[in-house]
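Here the structure is laid out as structure tokens; the discussion comes afterwards.
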Protein chains: 2
Amino acid sequence: MRWEELEKQPCSIARSLAVFGDRWTLLVLRESFMGVKKFADFQANLGISKTIVADRLRHLTDHGILEKVAYQKNPVRYKYKLTRKGLDIYPVFLSITRWGDTYYPGKKGVPLVYHHKNCDHDFNAVSICSECGEPVDARDVIARPGPGAGSYARSANETLSEKKVG
Amino acid sequence: MRWEELEKQPCSIARSLAVFGDRWTLLVLRESFMGVKKFADFQANLGISKTIVADRLRHLTDHGILEKVAYQKNPVRYKYKLTRKGLDIYPVFLSITRWGDTYYPGKKGVPLVYHHKNCDHDFNAVSICSECGEPVDARDVIARPGPGAGSYARSANETLSEKKVG
DNA sequence: ACACTAAGTATCAATACTGGACTTAGTCAA
DNA sequence: TTGACTAAGTCCAGTATTGATACTTAGTGT
């Protein structure tokens with residue numbers, strides 16, 4: 001399977017990963033969420049070559065996740081800022097952070113503390129069910145084909161029609 | 001920066017991505033969450049070579065995310081099941097799904113519908129603040145160094161000490 | 001004229017991935 | 001009792017993709 005084929009799969013995970021599911025793309029996004037905006041800063045913080053930075057920034061810009069804006073003229077210089085579409089990826093990073101904090105906190109504790117301005121508390125992110133408001137556990141979820149499923153075969157020794165997640 | 005260096009960074013995102021932030025690893029995990037357990041099914045569903053499947057399953061097993069269990073003897077056959085540590089990655093996939101459903105739902109609607117057995121409703125995942133219970137937006141979060149931060153330099157034209165996310 | 005900066009590109013070497021053959025330990029069918 | 005088949009892999013060669021180094025561009029400052 002190729003990268004571009006991913007985009008066409010009837011699966012929101014595959015389609016999302018086609019957009020930002022690459023190692024460096026995810027790290028570039030992390031930098032964005034940390035407030036980094038300039039090409040040179042992305043490169044310096046990540047310690048990777050300019051080729052990758054340029055490629056990933058272009059990719060994210062093409063997909064409407066970052067916006068390239070000139071912040072000065074003569075010579076023209078650019079910054080990359082998150083669009084609404086990009087900001088909406090934040091829950092993914094909160095979830096990743098939560099998992100990392102839980103299983104790899106380090107000897108002295110977590111590396112970063114996240115503070116919620118609205119309620120003025122340090123917090124963790126919790127994934128809840130939109131309907132009942134309870135935290136969701138993988139074992140309590142069943143995935144069924146939706147209206148956009150189309151017909152495609154998979155195998156897991158059961159059909160996809162009623163499959164327990166996990 | 002190399003893959004292994006990622007693991008040592010004082011950042012839960014970097015450390016988590018070192019474990020599962022690879023394209024194929026993420027897709028293997030998706031299959032796991034869809035109920036796939038057997039080597040041959042991972043390979044068939046993903047349409048990738050056995051070499052990669054073997055490599056990624058070993059990687060996930062080594063990191064305690066999947067568990068390799070013999071489900072029969074004579075001849076011995078194995079299945080790969082999610083551990084608690086693995087199941088706890090589920091919120092990451094819920095968040096990815098939510099984003100994909102929002103921005104790439106397809107013409108006919110979402111490809112998969114997720115059903116919460118506990119409340120018997122189809123649902124979406126929402127990332128909320130553990131303290132106030134409100135949905136978290138990237139712009140409302142500030143990241144500060146935590147107890148495990150150590151001293152390391154970054155640049156974003158500001159210090160890391162008080163940085164708005166986004 | 002020369003050094004310097006931010007933001008890139010071009011070239012080529014390193015790495016990751018594919019596809020096929022092979023392995024192992026067993027079953028089933030003729 | 002040979003031959004075909006299965007699941008779960010390994011190994012190897014060739015190809016495709018990725019990434020690091022050096023170069024480019026368009027401007028400023030001295």
Side-chain angles (χ1 to χ4, degrees), chain A residues 1-7 14 17-28 31-32 35-62 66-81 154-158, chain B residues 1-6 14 17-18 20-28 31-32 35-62 66-81 154-158:
Chain A
M1 192 198 305
R2 296 202 198 317
W3 186 246
E4 315 85 56
E5 291 176 54
L6 258 189
E7 258 173 293
L17 293 180
V19 178
F20 62 76
D22 158 83
R23 194 196 312 190
W24 301 128
T25 307
L26 284 161
L27 288 168
V28 164
E31 292 302 311
S32 278
V36 172
K37 290 188 175 57
K38 293 199 282 185
F39 186 95
D41 288 337
F42 283 106
Q43 204 229 319
N45 288 341
L46 294 174
I48 55 180
S49 69
K50 295 175 162 204
T51 320
I52 307 182
V53 177
D55 180 79
R56 300 307 194 277
L57 287 174
R58 179 168 37 245
H59 182 79
L60 288 168
T61 306
D62 287 348
L66 295 178
E67 197 185 353
K68 185 175 177 175
V69 195
Y71 68 85
Q72 72 167 47
K73 289 184 176 183
N74 294 334
V76 65
R77 293 282 183 264
Y78 300 102
K79 64 176 176 180
Y80 294 87
K81 67 188 287 272
R154 323 186 86 248
S155 70
N157 276 2
E158 322 157 63
Chain B
M1 193 198 301
R2 297 205 195 314
W3 187 245
E4 315 84 56
E5 291 177 56
L6 260 189
L17 294 180
F20 61 79
D22 159 82
R23 194 197 312 188
W24 302 129
T25 306
L26 284 161
L27 288 169
V28 164
E31 292 302 311
S32 278
V36 173
K37 290 187 176 57
K38 293 198 282 183
F39 186 96
D41 289 338
F42 282 106
Q43 204 230 319
N45 288 341
L46 294 173
I48 56 180
S49 69
K50 295 176 162 202
T51 320
I52 304 183
V53 176
D55 180 77
R56 298 307 196 276
L57 287 175
R58 182 170 30 247
H59 181 79
L60 289 169
T61 305
D62 287 348
L66 296 178
E67 197 185 352
K68 186 177 179 175
V69 194
Y71 67 85
Q72 71 167 47
K73 289 185 175 181
N74 296 334
V76 65
R77 292 282 182 265
Y78 300 101
K79 65 177 177 181
Y80 294 87
K81 67 187 288 273
R154 324 184 86 249
S155 70
N157 276 1
E158 320 158 62

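All of these numbers come straight from a predicted model, not from anything done at the bench. Just so we're on the same page: letters track the sequence lines, and every chain starts at 1.
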What's the CD1-C1' distance between A/I52 and D/dT18, to the nearest Å? 7 Å

Check the distance between D/dT18's P and A/L46's CG and give it to me in whole angstrom. 17 Å

Steps toward side chain to side chain contact (heavy atoms under 4.5 Å, CB included) verdict (A/I52, A/L46): CA-CA 10 Å; A/I52 307 182; A/L46 294 174; over 6 Å; no

What's A/K68 touching, base or sugar-phosphate or nothing? Going by heavy atoms closer than 4.0 Å. sugar-phosphate

Using whole Å, report how far CG of B/D41 lies from P of D/dG9. 12 Å

Between B/Q43 (CD) and C/dG20 (P), how many Å, whole number? 11 Å

I want to check one thing: is the phosphate of C/dT27, taken as OP1 and OP2, less than 4.0 Å away from some side-chain N or O of B/R77? no

Options D/dG9, C/dT18, D/dG19, nucleotide nearest the side-chain atoms of B/S49: C/dT18

Indicate, yes or no, whether a donor-acceptor pair under 3.5 Å links the base of C/dA10 to the side chain of A/T51. yes

Heavy-atom nearest pair, B/D22 first then B/R56, reads OD2-NE, 2.7 Å

A/F39 CZ to D/dA26 P, straight-line distance once rounded to whole Å: 17 Å

Rounding to an integer number of Å, can you tell me how far B/I48 CD1 sits from C/dG19 P? 11 Å

Quick check: do A/K37 and A/Y80 have side-chain heavy atoms less than 4.5 Å from each other? no

Nearest listed nucleotide, side chain of B/Y80, among D/dT28, D/dG9, D/dA7: D/dG9

Could you state the NZ-C1' distance from B/K79 to D/dT6, rounded to the nearest angstrom? 19 Å

Upstream residue (5' side of DNA chain C) when A/P75 and A/L57 are each assigned their closest nucleotide: A/P75

5′-ward residue of the pair B/K50/A/Y78 relative to DNA chain C: A/Y78

Can you check whether B/F39 reaches B/V53 side chain to side chain, under 4.5 Å on heavy atoms? yes

Answer yes or no: does a side-chain N or O of A/R56 lie under 4.0 Å from OP1 or OP2 of C/dG8? no

Round to the nearest Å and state the distance from B/K38 atom NZ to D/dA8 atom P. 6 Å

Would you confirm whether A/E67, through its side chain, and A/T61, through its main-chain N or O, come within 3.5 Å as a donor-acceptor pair? no

